[in-house]
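Heads up: the structure comes next, in structure tokens.
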Amino acid sequence: MIPASLLGRLTLSAIPYHNPIIMGAVGTASVLGLLVMAWVTWRGRWGYVWREWLTSVDHKRIGVMYIIVAVIMMLRGFADAIMMRTQQALAEGLSQGYLPPDHYNQVFSAHGTIMIIFVAMPFFIGLMNYVVPLQIGARDVAYPFVNAVSFWMTVASALLLMVSLAVGDFSQAGWSGYPPLSETQFSPGPGVDYWIWGLQLGGVGTLLTGINFFVTILRLRAPGMSLMKMPVFTWTILVTTVLIMLSFPVLTATLALLTLDRYLDMHFFTNDLGGNQMMFTNLFWVWGHPEVYIVILPAFGIFSEVVSTFSHKRLFGYASMVYATVAIAVLSFGVWLHHFFTMGAGADVNAFFGIATMVIAVPTGVKIFNWLFTMYRGRIEFTTPMLWSIGFIITFTIGGMTGVLLSVPGADFVLHNSEFLVAHFHNMLIPGALFGYFAGYTFWFPKMFGFRLDETWGRRAFWSWLAGFYLAFMPLYALGFMGMPRRLVHYDNPLWQPYLLVALLGTFLVAYGIFCQVVQLVVSFRHREALRDTTGDPWNSHSLEWSTASPPPFYNFAKVPQVDALDAFAHMKEQGTPHRAQAPFAPIHMPRNTGVGVAIGAITFIFGFAMVWHIWWMATGSAVAMLAVVVMRANDEDVDYMVSAEEVAHLETRGMIPTELRTQG
């Protein structure tokens, strides 16, 4: 038996046996995980999964795994949303609902953290992993091994949040973790520590990804592809990586200071001993507002690709799109204080940030008009990706107008802590980010897997999401004007309940939309031969990723393409230039798969868990193990291989990519 002193704060009482909701969720998740593992075992596929996926450094495989993580976490985050909406719909007057206040606080804290950090971020990182190297004519990212490490650090952080459901509890201080609620005096348990280490370790992985793709885009573009010949999606990713590199170190430092407060009683963010709570708020939102655009700008790039493709026109105002993207990035660092107008910064400061907030709407408006002008007189094809894009334009415009209203400090004083703000925030992020990711997922799915997604179920998913969104969040605008504060676990105003019941109905309609997306995937897989894409270009699109086979070979391009114009692939088709490589072929240098990324992810998880529970020997051991693994990898010279010209010719001729080439070289 392990002595209690060796387990830090961890005891059997940390497992919430008494809570049937939590144990039911843990049991369901455990059963689903065991069923998946049993299925893989029954099929005898563990070797394939290990060689081809878990140890892969192929940016395409890593991209798909990022999307899988995002979808799993979205199911968890959406379950939290249903729990919150159900509680608020029931908890009026004498009814207390079904969630105790401490559990409700954990639910809304986990929901915000998961949906922003572990759904939005992995989803767009997965799409950019798959698409960007193909769009710029590269064979891989600049640092394939670092790419794998970034992914497994994200997985470790997501697992840390999932474990908080079953061992201990999660933070009750909201997704933003404001002191003094996040200080030890008010949150003595492990919940805030789970939040800190989940964000901290995942943030390091995201920062590595930002650096990796910044270098990839600047250094690995195909010959002839100048910056102003890059696809708009790649441009938005380039700007996003700059935002990541500038903002995530601020988050890292802020969380480190809060960690010192909690672990060493340093008082950086307390009101006594020289601390200042407002310093945390400023630092958090110096990261937090650029983070909003970190998750939205890639979606803007996706909408540009989709609208142009399905309007069968070149994108209107390409240069203005690029300049607007850069302008949004610059301005995003000058508006953070509008998140706390009500905290007493003063009229002059509030006026400056109010005006800055209005100004940032201008480049966003430029993008909206460019998409509309692209569709104008186009031969619009109302495919599922195009429906997501049109739904975004309409819904996001409404959210933008409510944002301009909130940029007026006087109005914000009235509406800031009300349900109006909840509606506005979701009005920006759901259509602005999630609709974009769904459009990109549907658009590039045939490139990833070689067959299209079923349109019927895709349309059902879209209309369910769109109608569900309006039902779920438009009533919250009205509730905000009626004075309902956000984050209420109980209320005694019967006039609010009908609006909350409508919002609950909308939430269930969105749940049906998610169900349709699951069915769409299953139906598409069953009918994959009928939906098969043999051309590599099912949409008659414009950029280089569509010039390869679907799915692409592991080396992407047998010969790196020569780019002569914007919309390189469309230009090749117009000029009649062959876009598939022709003999003679040359050897191709490729990175070798490795299990080191998996090891680093496992050690990261152990380190985070040990720090949460103050198991110092485990934390020290995992830190030493991490250093040892990094040193081993640094001294490993067998990290790449050459694919011979004969093998390339054989693969290009046969169109077959044997797994052993990727695994063994």
Side-chain angles (χ1 to χ4, degrees), residues 45 47-64 129-148 216 219-225 446-451 532-538 543-564 568-569 572-573 575-597 633 636-665:
R45 303 292 281 176
Y48 167 79
V49 170
W50 175 258
R51 292 190 308 271
E52 288 297 296
W53 290 93
L54 302 184
T55 62
S56 179
V57 295
D58 185 343
H59 69 94
K60 300 181 290 297
R61 295 290 172 95
I62 291 173
V64 172
N129 253 283
Y130 203 100
V131 174
V132 166
L134 291 167
Q135 280 200 336
I136 64 174
R139 291 202 168 108
D140 211 319
V141 296
Y143 309 113
F145 170 69
V146 172
N147 200 23
T216 298
R219 301 296 298 170
L220 298 186
R221 299 191 308 278
M225 182 177 282
K447 179 54 58 179
M448 297 178 185
F449 298 105
F451 59 93
R532 181 75 61 190
D533 167 40
T534 58
T535 66
D537 181 26
S543 44
L544 284 178
E545 74 269 27
W546 302 105
S547 68
T548 66
S550 296
F554 63 93
Y555 48 75
N556 291 352
F557 301 94
K559 291 183 178 179
V560 175
Q562 173 68 40
V563 173
D564 298 316
F569 185 41
M572 291 178 183
K573 290 186 286 188
Q575 299 298 315
T577 306
H579 56 271
R580 294 291 172 85
Q582 307 293 320
F585 298 101
I588 297 176
H589 174 261
M590 294 299 296
R592 193 183 300 277
N593 288 357
T594 175
V596 176
R633 171 68 186 186
D636 184 4
E637 297 183 358
D638 187 23
V639 296
D640 48 15
Y641 65 96
M642 297 296 294
V643 183
S644 69
E646 293 76 15
E647 290 170 325
V648 175
H650 174 72
L651 294 172
E652 289 293 309
T653 303
R654 295 283 302 276
M656 298 171 62
I657 312 298
T659 58
E660 62 270 14
L661 280 178
R662 282 196 296 266
T663 307
Q664 302 171 3

Check side chain to side chain donor-acceptor pair (under 3.5 Å) between [X] and all other residues, then give those that pass, not counting sequence neighbours.
X    : value
R532 : E529
D537 : K573
W53  : Y48

| request: State which residues pass ring pair (Phe, Tyr, Trp, His ring centres under 6.0 Å) with Y130; sequence neighbours excluded, sorted by chain then number. | output: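 Checked Y130 against ring pair (Phe, Tyr, Trp, His ring centres under 6.0 Å); zero matches.
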| field | ring pair (Phe, Tyr, Trp, His ring centres under 6.0 Å) involving F449 - partner list, sequence neighbours excluded | value | F445
| Of V64, V131, T216, L134, the residue whose pairing with H59 passes side-chain contact (heavy atoms from CB on, under 4.5 Å) |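 Single pass found, and it is L134.
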| query | Testing D58, L544, V141 for side-chain contact (heavy atoms from CB on, under 4.5 Å) with P133, which one passes? | reply | V141
[X] vs [Y] side-chain heavy atoms within contact, under 4.5 Å:
X    : Y    : result
D640 : M590 : no
R633 : V639 : yes
L651 : Y555 : yes
V49  : L54  : yes
D533 : K447 : no

I need the minimum non-hydrogen distance between [X] and [Y], along with the two atoms involved.
X    : Y    : value
G137 : A222 : CA-CB, 4.1 Å
T55  : N593 : O-CB, 3.3 Å
P223 : V560 : CD-CG1, 3.6 Å
S56  : A148 : O-CB, 4.0 Å
G224 : Q562 : CA-NE2, 3.9 Å
M642 : P587 : CE-CB, 3.7 Å

Is the side chain of [X] donor-acceptor paired with the backbone N or O of [Y] at a distance under 3.5 Å, no angle test?
X    : Y    : result
R139 : F557 : yes
K60  : P551 : no
R61  : E52  : yes

| message | Pairing donors with acceptors under 3.5 angstrom, does anything connect the side chains of E545 and S543? | response |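 Judged by distance alone, the side chains do pair up.
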| request: Compute whether any side-chain donor of one residue and acceptor of the other, for D140 and N556, lie under 3.5 angstrom apart. | output: no
| request: Test side-chain contact (heavy atoms from CB on, under 4.5 Å) on N147 and N129 and set out the steps. | output: CA-CA 9 Å; N147 200 23; N129 253 283; 2.6 Å; yes
| request: Could you tell me which residues satisfy salt bridge (Lys or Arg N to Asp or Glu O under 4.0 Å) with R45, sequence neighbours excluded, listed by chain and number? | output: none
State the [atom1]-[atom2] distance between [X] and [Y], to the nearest 0.5 angstrom.
X    : Y    : atom1 : atom2 : value
W546 : Q135 : CH2   : CD    : 9.5 Å
F569 : T577 : CZ    : OG1   : 11.0 Å
K559 : E652 : NZ    : CD    : 10.0 Å

| message | If you count every heavy atom of other residues, nucleotides or ligands that lies below 6.0 Å from F585 atom CZ, does the total exceed 12? | response |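 Result for CZ/F585: enclosed.
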